Amino acid sequence: MNSKFTKPYNPTENESVIYELWEQSGYFNPDNLPNVTEGPFTIIMPPPNANGQIHAGHALFVTLEDIMIRYKRMRGFKTLWLPGTDHAGFETQVVYEKKLEKEGRSRFNLSREELYAEIMDFVQANKKATENGMRQLGASCDWSREKFTLDPDIIQTVYATFKQMSDDGLVYRGERITNWCTKHQTSLSDLETLSETRKDKLYYMQYGPLVVATVRPETMFGDVAVAVNPDDERYRQYIGQDILAQTPIGELKLKVIADEAVEKDFGTGALKITPAHDANDFEIGLRHNLPSVEVIDRYGKLNEKAGKYAGLKIEAAREAVVRDLTELGLLLKTEDYEHDVSVCYKCGRVIEPRIIPQWFVKMKNLAEQAVKAVKNKKIQIIPNHQEKVFCHWLDNIRDWNISRQIAWGIPIPAKLCEKCDYAVVDIENQKTDCPKCGGRLIKDPDTFDTWFSSGQWPYATLGYPTGEDYRNFYPTDVMETAGDILFFWVARMVMFGLYRTGQVPFQTVYLHGLVRDAKNQKMSKSKGNVIDPAVIARKYGTDALRMALVTGNAAGTDMALSEDRIKGYKHFANKIWNITRFILENSQGQNSPVDLVPADEKLLAEFRALTADITTDMENFRFHLASEKIYQYTWHTLADVILEESKPLIFGNNESNRLSRLLTLNIILLDLLKLLHPFMPFLTETIWQSLPQTKEKMLLTARWPE
RNA sequence: GCACCCUUAGCUCAGUUGGUUAGAGCGUACGAUUCACAUUCGUAAGGUCGCAAGUUCAACUCUUGCAGGGUGCACCA
């Protein structure tokens with residue numbers, strides 16, 4: 001008997017050794033897999049942000065994907081799990097800016113090149129830690145194919161897509177209203193803003209012969225019209241006319257227009273229109289061909305158009321304008337008003353809508369194709385109800401602003417004319433003169449929204465369009481990722497995939513929820529309730545952590561992860577260890593072939609039924625049920641009942657019963673290790689390596705029991 | 001406002017297509033234990049499956065309404 005089993009199972013002693021053994025074997029690479037009997041099975045790993053440490057969320061996704069991959073590998077598939085890391089443009093720049101702030105520095109004192117270089121160093125250092133963290137979690141991914149979102153070939157693919165979209169008229173540069181963050185000095189997509197309920201005042205101001213209600217009197221210097229509902233009898237006489245409104249800095253000429261968007265019952269039924277600083281007003285402005293007058297600058301300060309208010313920040317300007325309006329007798333009434341405002345999802349500052357020229361992607365047609373793919377079952381989303389959410393979002397999508405005014409990202413391969421601001425796509429970086437006016441072209445200083453590039457991840461990583469991997473592994477099988485990036489990422493991948501390759505990028509989307517703490521609170525550094533997978537792994541073993549993350553947690557739902565549960569699975573690991581020990585101890589020298597007695601045939605039949613049941617769960621992505629069933633069987637059937645009832649047989653005098661039972665137990669043990677391997681890879685492989693009778697060298701590539 | 005999800009034992013959650021006495025982990029109580037495992041074993045307490053109605057031979061499961069909690073999207077300035 002192997003002396004290894006005389007001590008309790010020690011995960012830390014074995015895990016790194018076992019991972020080393022797997023990695024050395026080369027079997028993470030599908031090209032090296034022995035006994036491939038099925039087609040390819042591919043998962044592209046959602047690349048973790050290369051800007052910080054591994055956290056419980058990473059542990060969850062690694063566990064789930066590794067389970068799928070190990071299972072399919074054992075079923076004989078040519079299994080590829082392609083890892084990567086994400087430069088995560090805006091996210092990372094925000095993290096780095098915070099770091100700079102702590103050091104008393106500012107991004108705005110650095111040139112874009114300097115900032116880019118600093119963040120690249122920072123990211124390269126973190127990338128290593130992230131990769132090692134995933135190794136520790138047991139990720140059986142093919143490191144030889146690892147990609148980074150800023151790899152030159154990835155950038156080339158992204159550029160080619162941009163060019164093609166531009167040629168197809170799907171990408172355009174437009175002066176459109178954008179979400180501007182005054183802290184981060186960049187525009188953001190609609191997804192990168194949150195709405196927040198605020199208590200403000202609603203001011204009723206005299207505007208010439210009319211009265212308008214507004215929360216933003218300070219934008220009055222950018223007003224170009226007053227809009228009323230076309231059916232509103234009160235204002236019918238004014239429609240189409242110009243009115244003169246008195247302001248603290250002189251008279252303002254405003255057109256009165258009729259638009260359905262105006263609610264008769266809200267305020268006075270008359271709405272002041274500021275196309276340059278309000279998304280709705282901008283839309284109304286487009287419909288009525290109104291000019292737009294910018295009065296707020298990039299820092300959130302009023303500009304020279306606001307006369308004496310120039311240089312004041314929005315809040316200060318509002319106070320001053322209200323005071324002056326009151327003095328002039330133009331402020332008629334003030335009401336308390338609760339409404340929602342858009343804020344930056346990173347810093348929480350109120351978004352200042354601004355009209356700036358940006359690159360946009362036309363979404364309507366792309367979105368329709370994506371919806372069709374889901375409705376036609378080309379793509380299945382788990383949990384299923386997310387398909388409705390997915391389609392609902394795509395049905396109501398607006399054009400996507402992909403320009404970011406940040407340094408950390410893929411530069412947009414375009415040039416702008418100094419003279420006329422005409423924009424041209426220039427992938428090869430060769431154009432020097434404006435094709436329109438002949439003026440000098442300069443590089444577009446902006447970078448892509450990070451999701452514009454990561455949205456192309458599945459085919460970009462596989463070397464589209466000519467790569468061998470692309471031919472062999474695309475479309476991929478499963479996209480396993482967090483439910484909260486369904487729109488940010490999954491929807492974009494589907495659209496890009498269909499657009500560029502004509503195929504869905506993956507057939508199944510498996511979404512997981514958030515990992516919360518034992519009290520069901522969100523984990524955060526400030527609360528101090530963050531679970532560090534590395535610390536947990538050291539204390540209880542990676543396998544215990546994996547079991548705790550997967551067992552009993554249905555797809556798409558948030559989970560409460562408590563240390564007690566992890567501890568429970570550490571006990572489970574030891575239980576399996578001791579089961580092995582018991583069986584080995586008593587099986588020594590008992591290798592002779594024997595006939596099974598009926599009682600043992602029955603035990604095996606029961607076990608095979610369980611195996612079939614578990615296999616069905618695995619096929620249907622019900623990992624939380626599969627692991628629970630194995631757990632129950634191992635502990636409460638095999639250990640508590642079968643082993644206990646075996647003792648009289650094993651220690652008794654009836655030789656045929658004794659040998660039959662020992663053989664049965666050995667058969668069950670081997671298959672059990674296989675069933676458990678996707679969930680607890682380290683423990684099961686450690687045991688496998690110590691067993692005398694295993695035919696297959698490595699459990700990693702052993703055959704899943706039929 | 002619209003959409004989606006959740007509500008099951010003290011706590012955290014499972015429960016696949018409706019089908020016997022509704023399950024697990026942790027916790028609690030009592031007991032056992034030289035012979036794989038104190039990281040053990042046994043026994044027990046604990047649930048009118050949010051509320052109400054409906055469909056059905058049969059509902060935790062399906063339908064409708066209501067209440068509470070959560071999430072997403074869009075907004076009336």
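Since the model is a prediction, treat every value here as computed from it, not as a measurement.
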Taking only N/O atoms, report every protein-nucleotides 3-5 of chain B pair under 3.5 Å with atom names and distance.
| unit_1 | atom_1 | unit_2 | atom_2 | d |
| --- | --- | --- | --- | --- |
| B/C4 | O2' | A/H385 | ND1 | 3.4 |

Q. Phosphate oxygens OP1/OP2 of B/C75: is one of them under 4.0 Å from a side-chain N or O of A/R398?
A. yes

Picking from B/U16, B/A77, B/A74, the nucleotide nearest the side-chain atoms of A/Y337 would be B/A77

Taking B/C26, B/U16, B/C73 as options, the one with an atom nearest any side-chain atom of A/W393 is B/C73

How would you label the contact of [X] with the nucleic acid (heavy atoms, under 4.0 Å): base, sugar-phosphate, or nothing?
X: A/N620; value: nothing
X: A/N520; value: sugar-phosphate
X: A/A560; value: sugar-phosphate
X: A/V262; value: base
X: A/Y569; value: nothing
X: A/G552; value: sugar-phosphate
X: A/L191; value: sugar-phosphate

Please measure how far the [atom1] atom in [N] lies from the corresponding atom in [M], and state the result in whole Å.
N: B/A24; M: B/C62; atom1: C1'; result: 26 Å
N: B/G46; M: B/G25; atom1: C1'; result: 15 Å
N: B/U64; M: B/C73; atom1: P; result: 26 Å
N: B/A9; M: B/A45; atom1: C1'; result: 11 Å
N: B/C26; M: B/A22; atom1: P; result: 22 Å
N: B/G10; M: B/C5; atom1: C1'; result: 26 Å
N: B/G65; M: B/G23; atom1: P; result: 32 Å
N: B/U71; M: B/A59; atom1: P; result: 35 Å

(message) Please evaluate residues A/I566 and A/K539 with respect to the criterion side chain to side chain contact (heavy atoms under 4.5 Å, CB included), reporting the C-alpha separation (whole Å), side-chain torsions for both, the decisive distance (0.1 Å), and the verdict.
(response) CA-CA 10 Å; A/I566 303 169; A/K539 215 162 153 192; over 6 Å; no

Is there a side-chain hydrogen bond (donor to acceptor under 3.5 Å, both in side chains) between A/T481 and A/W489? Walk through the geometry before answering.
CA-CA 9 Å; A/T481 192; A/W489 198 42; over 6 Å; no

Measure the distance from [atom1] on [X] to [atom2] on [N] and round it to the nearest whole Å.
X: A/E338; N: B/C76; atom1: CD; atom2: P; value: 16 Å
X: A/I630; N: B/G25; atom1: CD1; atom2: P; value: 16 Å
X: A/H339; N: B/C76; atom1: NE2; atom2: C1'; value: 11 Å
X: A/I284; N: B/C75; atom1: CD1; atom2: P; value: 12 Å
X: A/D340; N: B/A77; atom1: CG; atom2: P; value: 8 Å
X: A/R546; N: B/G25; atom1: CZ; atom2: P; value: 22 Å

Query raised in the report: Given the rule in the salt bridge (charged side-chain N to carboxylate O under 4.0 Å, His left out) test, do A/R661 and A/D600 qualify, once you have shown the distances and angles that lead to the verdict?
Result: CA-CA 6 Å; A/R661 178 54 55 98; A/D600 291 331; 2.6 Å; yes

Which pair of non-hydrogen atoms, one from [X] and one from [Y], has the smallest distance, and what is that distance?
X: A/S646; Y: A/I642; answer: OG-O, 2.6 Å
X: A/R546; Y: A/P678; answer: NH2-O, 2.7 Å
X: A/A548; Y: A/N553; answer: O-OD1, 3.8 Å
X: A/A537; Y: A/T12; answer: O-CG2, 4.2 Å
X: A/V211; Y: A/Q206; answer: CG2-OE1, 3.8 Å

Of A/D613 and A/Q632, the one whose nearest nucleotide on RNA chain B sits closer to the 5' end is A/D613

Please write out the pairs of protein N or O atoms and N or O atoms of nucleotides 19-23 of chain B separated by less than 3.5 Å, giving the distance to one decimal.
none

Distance col, row A/R565:CZ vs A/T551:OG1, nearest 0.5 angstrom, shows 6.5 Å

Expected string for nucleotides 61-66 of chain B under the B/S/- scheme (protein heavy atoms, under 4.0 Å, primed atoms plus P, OP1, OP2 as sugar-phosphate) is ------

A correct 5'-to-3' footprint of nucleotides 35-42 of chain B, with B, S and - meaning base, sugar-phosphate only and no protein heavy atom under 4.0 Å, is -BB-BSSS

_With a 6.0 Å cut-off on the ring centroids, do A/F607 and A/Y633 count as close?_
yes

- Message: Is the distance from the ring center of A/Y569 to that of A/Y631 below 6.0 Å?
- Response: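 Centroid distance A/Y569-A/Y631: below 6.0 Å, so yes.
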
Are there over 12 heavy-atom neighbours, none belonging to A/E319, within less than 6.0 Å of that residue's CD?
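It does not: A/E319 CD has 12 such atoms or fewer within range.
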
Are the side chain of A/H288 and the backbone of A/L290 linked by a donor-acceptor contact shorter than 3.5 Å?
-> no

- Between A/K567, A/K570, A/E563, which is the residue that forms a side-chain hydrogen bond (donor to acceptor under 3.5 Å, both in side chains) with A/Y540?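 Only one option passes, and that is A/E563.
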
Dot-bracket assigned to RNA chain B with the 3.5 Å Watson-Crick/G-U criterion, [ ] for crossing and | for other-strand pairs, is (((((((..((((.....[...)))).(((((.......))))).....(((((..]....))))))))))))....

ask   = So, are A/K346 and A/E192 salt-bridged, with charged N and O less than 4.0 Å apart?
value =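 No.
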
Next on the checklist: Closer than 4.0 angstrom, basic N to acidic O: yes or no for A/D336 and A/K199?
Outcome noted: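 Between A/K199 and A/D336 there is no salt bridge, as every charged N stays at least 4.0 Å from the carboxylate O atoms.
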
**Prompt:** Among pairs that include at least one residue of residues 662-672 of chain A, which meet side chain to side chain donor-acceptor pair (under 3.5 Å), considering only residues two or more places apart or in two chains?
**Reply:**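 Every side chain to side chain donor-acceptor pair (under 3.5 Å) pair that includes a residue of residues 662-672 of chain A, provided the two are not neighbours, is A/S587-A/N666, A/N666-A/Q693.
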
Taking ring pair (Phe, Tyr, Trp, His ring centres under 6.0 Å) as the criterion, tell me which of A/F582, A/F572, A/Y9, A/F682 meets it with A/W577.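 It is A/Y9, the one option of A/F582, A/F572, A/Y9, A/F682 that forms the ring pair (Phe, Tyr, Trp, His ring centres under 6.0 Å) with A/W577.
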
